[in-house]
**Q** 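What follows is a single structure, and I will ask about it in a moment.
Below, read A as the first sequence line, B as the second, and so on, with proteins coming before strands; counting in each chain starts at 1.
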There are 2 protein chains.
Amino acid sequence: MRLDEKFYLSENNVPFKEFFNFGMSVDCILFGYKNGEVRVLLIERGADPFKHFWALPGDLVTADLTLEDAASNVLYRLTGLENIFMEQFHAFSEVQRHPVGRVITIGYYALVRSENHKPVASAWATESKWFNINKLPELAFDHKEILDLAIGTLKRKVRNEPIGFELLPPKFTLLELQKLYEALLGYKFDKPNFRKKLLSMNLLVPLDEVQSNVSHRPAKLFKFDPDRYKTLKEEGFHFDLQ
Amino acid sequence: MRLDEKFYLSENNVPFKEFFNFGMSVDCILFGYKNGEVRVLLIERGADPFKHFWALPGDLVTADLTLEDAASNVLYRLTGLENIFMEQFHAFSEVQRHPVGRVITIGYYALVRSENHKPVASAWATESKWFNINKLPELAFDHKEILDLAIGTLKRKVRNEPIGFELLPPKFTLLELQKLYEALLGYKFDKPNFRKKLLSMNLLVPLDEVQSNVSHRPAKLFKFDPDRYKTLKEEGFHFDLQ
DNA sequence: TCAAAAGTGTTCCGAATACACCCATGC
DNA sequence: GCATGGGTGTATTCGGAACACTTTTGA
């Protein structure tokens, strides 16, 4: 259903079509975790403006796609992976934020298991590379602002929802989980207390499997139980790590 | 700085300007609180499409405004108030969500002290009216989806940040605050414990003033201390109500 | 045997819970 | 006096913090 344009005048009688001149883009903050470091995948721009600058992977959106589709496409082209955990977090709309025209961008943060994939090169990026979130290069456009907000959002989210698991392999030890949270939040947990707290939540399923090839007592492996979380949440449970 | 368009070809060599055909709008969910009820201000549409339907107040965005400006304008035209507490919460981008073209809308929720203002009529609305958030009419466009997400966001936010005060008059009693939270969250608090918890946070400043004209012992009035909250937050304090 | 990390148990403290109870005001 | 909500005190419980300790593996 497309209605007649005459219906669509603004309060000041501006013709409807005058409003349809925005560009939309998505920018993705892809987080990973390796060797105790939280990392983000950046690309080196292969074209002006900001050629050779590091930037967030992103793209202009075409009229046939939702923002979620567009962000999924960016992540797929970047990693070869589908169904990456991904969540919208903010719209950036400064009038002069993009040098070529009025582009509003929607930020998505996404979480992957670093080991699972190799970032691939693409037409819009000459290179892609993981950066420790505490050692970031200068970025193109307003991407520093976007990335800062993404990091803040991740730190807040990770305390209130069990999404940290998306950064770990499907099977993990409790100490690996603890180290991840320590890297994300920037402080230490007491090992026995962290264990007790996480296990008391009943979100982790112990597996009949242990670490191998470690030069110490091998740790039991666990997996996260998303269905269990769903059930608990409906019963009023709130995931909460301080 | 406007760069030459030749720089801006997509991966498939689509000319840059082909991307600049989106309409942007903002939709505002204005929450209020009165007589123990959480309410939202809706407008009755005065024009097609969805003429005579109840809808969220909103507007198309012009190229010279940020989204925040646009949302502030909507709220100002609606209430006559400036500097209303307001926060972006989601972008809605279903391809067919608007019957006349590709309009992406950004949802803002906002909080006002109901007593402070009278909703005013405007060109795009024949009427505006407060609705209890549990007794909502049928809505235009995808506004039900937007409103539902706004309510969910408010309930979550109100537990983790001291924004509930935005819905109360500047001076309030502890029981008024408790009733507000009970209405927002849908469950009861124990009076002595609620008092102790809130006062122990040191966010409330007791005033040398009490209720008047009440047929019972007049309650002490308090005000919220935003500077104190800022300080505490920087020290690692997390507002938290279960 | 030693290093390293896994894993358990216990004590202590403070916050949340569940109450009972008294206070001040208008009618 | 009595109804109404304001406001305080206390006993109990529960969870988190701190920390000591034992266990299991590889080298």
Side-chain angles (χ1 to χ4, degrees), chain A residues 35-36 158-160 162 168-169 171-183 185-223 232 235-242, chain B residues 33-36 158-160 162 168-169 171-183 185-223 232 235-242:
Chain A
N35 300 334
V158 99
R159 288 214 334 266
N160 298 312
L168 290 178
K171 301 173 183 182
F172 51 86
T173 71
L174 288 174
L175 199 64
E176 281 165 3
L177 185 61
Q178 180 181 339
K179 294 294 176 200
L180 168 65
Y181 275 105
E182 290 178 349
L185 298 175
Y187 46 78
K188 301 284 182 190
F189 290 92
D190 176 83
K191 186 179 54 159
N193 295 335
F194 186 85
R195 280 181 77 83
K196 268 179 284 189
K197 173 140 189 179
L198 265 290
L199 291 176
S200 74
M201 287 182 183
N202 283 314
L203 291 173
L204 301 182
V205 181
L207 301 171
D208 286 333
E209 210 173 330
V210 293
Q211 282 181 316
S212 53
N213 296 319
V214 286
S215 76
H216 54 75
R217 175 173 172 180
K220 202 179 189 67
L221 293 171
F222 292 82
K223 69 181 174 78
L232 287 171
E235 291 167 3
F237 167 80
H238 293 130
F239 184 86
D240 183 50
L241 270 185
Q242 300 301 339
Chain B
Y33 173 72
K34 195 175 183 182
N35 301 333
V158 99
R159 287 215 334 265
N160 298 312
L168 291 178
K171 300 173 184 182
F172 51 85
T173 71
L174 288 173
L175 199 64
E176 281 164 3
L177 185 61
Q178 181 181 339
K179 294 294 178 201
L180 168 65
Y181 276 105
E182 290 178 348
L185 298 176
Y187 47 78
K188 301 285 182 191
F189 290 92
D190 175 83
K191 187 178 50 160
N193 295 335
F194 185 85
R195 281 180 76 82
K196 267 178 286 188
K197 172 142 192 179
L198 265 290
L199 291 176
S200 74
M201 286 182 185
N202 284 314
L203 291 173
L204 301 182
V205 180
L207 302 171
D208 286 332
E209 209 174 332
V210 294
Q211 284 180 313
S212 53
N213 296 321
V214 287
S215 72
H216 52 75
R217 174 174 172 180
K220 200 177 190 67
L221 292 172
F222 292 83
K223 70 179 172 79
L232 287 172
E235 293 168 2
F237 167 79
H238 294 130
F239 184 85
D240 182 51
L241 272 184
Q242 301 299 340

**Q** Once you round it to whole Å, what is the distance between P of D:dG5 and CD of B:Gln178?
**A**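 Nearest whole value for this atom pair: 13 Å.
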**Q** Run through A:Leu198, A:Leu174, A:Leu207, A:Val205 and flag the one making a side chain to side chain contact (heavy atoms under 4.5 Å, CB included) with A:Phe222.
**A**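 Filter result, single survivor: A:Leu174.
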**Q** Determine which pairs satisfy salt bridge (Lys or Arg N to Asp or Glu O under 4.0 Å) with at least one residue from residues 199-214 of chain A, sequence neighbours left out, and list them in order.
**A**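 Found A:Lys171-A:Glu209.
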**Q** Would you name the heavy atoms of B:Asp240 and B:Met201 that are closest together and state the gap between them?
**A**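 What the structure gives for the nearest pair is O-CE, 3.9 Å.
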**Q** Where is the tightest heavy-atom contact between B:Gln242 and B:Tyr187, given as atom of each residue plus distance?
**A**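 The answer is O-OH, 2.5 Å.
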**Q** Give each protein N/O atom lying under 3.5 Å from an N/O atom of nucleotides 3-7 of chain C, with the pair distance.
**A**
residue, atom, partner, partner atom, Å
C:dA6, N7, A:Lys191, NZ, 2.9
C:dG7, OP1, A:Lys220, N, 2.9
C:dG7, OP2, A:Arg195, NH1, 3.4
C:dG7, N7, A:Lys191, NZ, 3.0

**Q** Which atoms form the tightest heavy-atom contact between B:Asn202 and B:Leu232, and what is the distance?
**A**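 That would be O-CD1, 4.4 Å.
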**Q** Which value, rounded to the nearest 0.5 Å, describes the distance between B:Tyr33 atom OH and B:Lys179 atom NZ?
**A**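 Answer for the OH-NZ pair, B:Tyr33 versus B:Lys179, is 8.0 Å.
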**Q** Could you tell me the separation between the NZ atom of B:Lys196 and the C1' atom of C:dG14, rounded to a whole number of Å?
**A**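 That distance rounds to 13 Å.
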**Q** Bend across the helix from C:dT1-D:dA27 to C:dC27-D:dG1, to 10°, with axes taken over 5 pairs at each end?
**A**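 For the helix from C:dT1-D:dA27 to C:dC27-D:dG1, the axes at opposite ends meet at about 10°.
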**Q** Round to the nearest Å and state the distance from A:Asn202 atom CG to D:dG15 atom C1'.
**A**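 It is 15 Å, rounded to the nearest whole Å.
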**Q** Base, sugar-phosphate, or nothing for A:Lys197, non-hydrogen atoms under 4.0 angstrom?
**A**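 It contacts sugar-phosphate atoms only.
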**Q** Measure across A:Leu203 and A:Phe239 and return the closest heavy-atom pair with its distance rounded to 0.1 Å.
**A**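 Heavy atoms only, the tightest pair is CD1-CD1, 3.8 Å.
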**Q** Quickly work out the B:Asn193 CG to D:dT10 C1' distance and round it to whole Å.
**A**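 Taking CG of B:Asn193 and C1' of D:dT10, I get 11 Å after rounding.
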**Q** In whole Å, what is the span from the CD atom of B:Gln242 to the C1' atom of C:dA18?
**A**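 It is 18 Å, rounded to the nearest whole Å.
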**Q** How many whole angstroms separate atom CG of B:Leu198 from atom P of C:dA16?
**A**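 My rounded result for the distance is 11 Å.
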**Q** Between B:Tyr181 and B:Val158, which heavy-atom pair has the shortest distance, and what is it?
**A**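 Nearest pair, atom of B:Tyr181 first, then B:Val158: CE2-O, 3.6 Å.
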**Q** Between atom NZ in A:Lys188 and atom C1' in D:dA18, what is the gap in whole Å?
**A**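 To the nearest whole Å, that distance equals 17 Å.
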**Q** Identify the heavy atoms of B:Gln178 and B:Lys191 that sit nearest to each other, and give their distance.
**A**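 Here B:Gln178 and B:Lys191 meet closest at OE1-CA, 3.6 Å.
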**Q** To the nearest angstrom, how far is A:Asp240 atom CG from C:dA16 atom C1'?
**A**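 So the two atoms are 14 Å apart, to the nearest Å.
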